[in-house]
There are 2 protein chains.
Amino acid sequence: MERADAARNRARILEAAALLFAERSPQDVTMDDIAKKAGVGRGTLYRRYPDRASIAVALLDEHERALQERLLRGEPPLGPGAPPAERLAAFYAAMVRLLEDHSHLVLGSEVGRSRFETGAYGFWRAHVRALLVAAGTPGRDALVDVLLAPLAPEVYDYQRTVLGLTTEQITRALTRLTAVLDG
Amino acid sequence: MERADAARNRARILEAAALLFAERSPQDVTMDDIAKKAGVGRGTLYRRYPDRASIAVALLDEHERALQERLLRGEPPLGPGAPPAERLAAFYAAMVRLLEDHSHLVLGSEVGRSRFETGAYGFWRAHVRALLVAAGTPGRDALVDVLLAPLAPEVYDYQRTVLGLTTEQITRALTRLTAVLDG
DNA sequence: ATTGTATGTGGACGCAATGTCCGCTTATAG
DNA sequence: CTATAAGCGGACATTGCGTCCACATACAAT
């Protein structure tokens, strides 16, 4: 059971981190910045969150949970019921929304390899793999990560920020990937 | 024109870096390690290579050039002449070889966003885009990076190291992506 | 209420790596 | 042989990380 002061500080930390992540590039936010803004000491911060990524993950958590819930029990085509290809397309569209709405958080949490070690990646992976099974697509195990790769925050950020593509263009391109299901 | 001692030191630095990158994880190799192993001072190292990534890029350069040459002027299906889908499949196979043979270098050079800023990425991008144009595929500009995303070193490394997939499995999965060309 | 104690706090501290700076050295040209 | 531009190298300041521990405080048991 969590003590009252601990709970208060956790809330302060998350709030401060959200503000800082929103106002500047995630890797320019130091653990010290977060501690200062939250009004807690360095040790208190490290007690719960060993690094920046874990804070961003905590902040993302609720949004990701909401999407996961819709994937499991929501209406088709996102939820169960629709054909696999349509469900995959709906999943892509939803992920683009998530990336767009919380790009700063996602960039803060999932830099490089750490992306694969989050629980969320495991969930997306299981979901897409199930769709591949349902569609009877061979070579699932390798195809899953291939299909998830374009959702890497760096890729999305590059497409949006550097190339100046719209969310619609990206969503359409991702939708074309559903062609690999039936083949 | 480059002075003799400068050329000697450049060679020493690259050789030392190659050894170090081969023997341990790239991010565990510090600039200081490289300088020490090369027998040069810190300032000498920084004079040419502002960071680890630029050294890895230099080391990768010749291998990438060789592939680029084959893409431009080599035999089909890698070089010009074959249908776009086959050329894309051949490109994927060649990139898997490159990633496999030089994974440590690639991981050292292209962590996260920096991948998109290398000249090599620009080349791969132009190549794949040309294939999309040749195939008459719509939505090129967004599709290019989607098709290149699974070649991100982190993704490949995750598939090989953590999931334990074979190069064949990965190549086959990538080959399936060529389905998006005709559709 | 009081007190005991487990839990939590906070900032000082040591460490490791970065990138810069500048006096010294050396290659090369005339 | 000498002038000089280019290159060298290591000391230094800086920055961020993660730990540690003396102190504080919430909560429960009496």
Side-chain angles (χ1 to χ4, degrees), chain A residues 1-59 104-105 107-114 117-118, chain B residues 1-21 23-59 104-105 107-114 117:
Chain A
M1 176 188 159
E2 187 179 47
R3 253 169 59 169
D5 52 351
R8 191 190 61 231
N9 280 334
R10 150 174 286 132
R12 279 180 168 201
I13 288 169
L14 290 179
E15 189 187 359
L19 288 172
L20 288 171
F21 284 155
E23 84 189 14
R24 64 180 123 126
S25 159
Q27 64 265 41
D28 288 348
V29 178
T30 73
M31 292 296 268
D32 220 25
D33 291 336
I34 298 172
K36 281 223 171 54
K37 183 117 185 173
V40 303
R42 208 171 168 58
T44 305
L45 178 56
Y46 272 95
R47 162 172 291 264
R48 287 205 196 61
Y49 303 107
D51 49 34
R52 243 192 324 278
S54 63
I55 302 178
V57 167
L59 284 169
H104 49 286
L105 287 185
L107 279 172
S109 67
E110 302 180 343
V111 174
R113 285 220 36 167
S114 72
E117 282 144 21
T118 65
Chain B
M1 175 188 163
E2 190 178 44
R3 251 169 59 168
D5 51 350
R8 191 188 62 230
N9 279 333
R10 150 173 288 132
R12 279 180 166 201
I13 287 168
L14 290 179
E15 189 187 358
L19 288 172
L20 288 170
F21 283 156
E23 83 189 15
R24 63 182 123 124
S25 160
Q27 65 264 40
D28 287 350
V29 178
T30 72
M31 292 296 267
D32 220 25
D33 292 336
I34 298 171
K36 281 224 172 53
K37 184 120 186 170
V40 303
R42 211 172 165 60
T44 306
L45 178 56
Y46 273 95
R47 161 173 291 264
R48 288 204 195 61
Y49 303 107
D51 50 33
R52 242 190 326 277
S54 64
I55 302 178
V57 166
L59 285 168
H104 49 286
L105 287 185
L107 279 171
S109 67
E110 302 180 341
V111 175
R113 284 219 38 166
S114 73
E117 282 145 21

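In what follows, chains carry the letters A, B, and so on, assigned in the order in which the sequence lines appear, proteins first and then strands, with residues in each chain numbered from 1.
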[X] [atom1] - [N] [atom2] separation (whole Å):
X: B/L45; N: C/dT20; atom1: CG; atom2: C1'; value: 13 Å
X: A/Y46; N: D/dC20; atom1: OH; atom2: C1'; value: 14 Å
X: B/M31; N: C/dA16; atom1: CE; atom2: P; value: 19 Å
X: A/R48; N: C/dG8; atom1: CZ; atom2: C1'; value: 8 Å
X: B/K36; N: C/dA16; atom1: NZ; atom2: P; value: 12 Å
X: A/D32; N: D/dT19; atom1: CG; atom2: P; value: 15 Å
X: B/D33; N: C/dA17; atom1: CG; atom2: C1'; value: 10 Å
X: A/D51; N: D/dT19; atom1: CG; atom2: P; value: 11 Å

Describe the nucleic acid contact of B/R8 in one word from base, sugar-phosphate, nothing, applying a heavy-atom distance below 4.0 Å.
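The residue B/R8 makes no contact with any strand.
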B/R10 near the nucleic acid: base, sugar-phosphate alone, or nothing, with a heavy-atom cut-off under 4.0 Å?
nothing
Which atom names give the shortest non-hydrogen contact between [X] and [Y], and what distance separates them?
X: B/R52; Y: B/M31; value: N-SD, 3.7 Å
X: B/D33; Y: B/R24; value: OD2-NH1, 3.2 Å
X: A/A56; Y: A/L105; value: CB-O, 3.6 Å

Of the candidates C/dT9, D/dT19, C/dA27, the side chain of A/D5 sits closest to C/dT9
Heavy-atom donor-acceptor pair, B/R3 side-chain to C/dT28 base, under 3.5 Å:
no
Map B/R52 and A/R12 onto DNA chain C by nearest heavy atom, then report which one ends up closer to the 5' terminus.
A/R12
Using a cut-off of 6.0 Å, state whether more than 12 heavy atoms not belonging to A/K37 lie near its atom NZ.
yes
If we only count heavy atoms from C-beta on, is the B/I55 to B/L45 side-chain gap below 4.5 Å?
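Yes. Closest side-chain heavy atoms under 4.5 Å.
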Just N and O in the side chain of [X]: are any of them under 4.0 Å from OP1 or OP2 of [N]?
X: A/R47; N: C/dG8; result: yes
X: A/T44; N: C/dG10; result: yes
X: A/N9; N: C/dT9; result: yes

More 5' along DNA chain D: A/G43 or A/E2, using each one's nearest nucleotide?
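Looking at the nearest nucleotide for each, A/G43 comes out on the 5' side.
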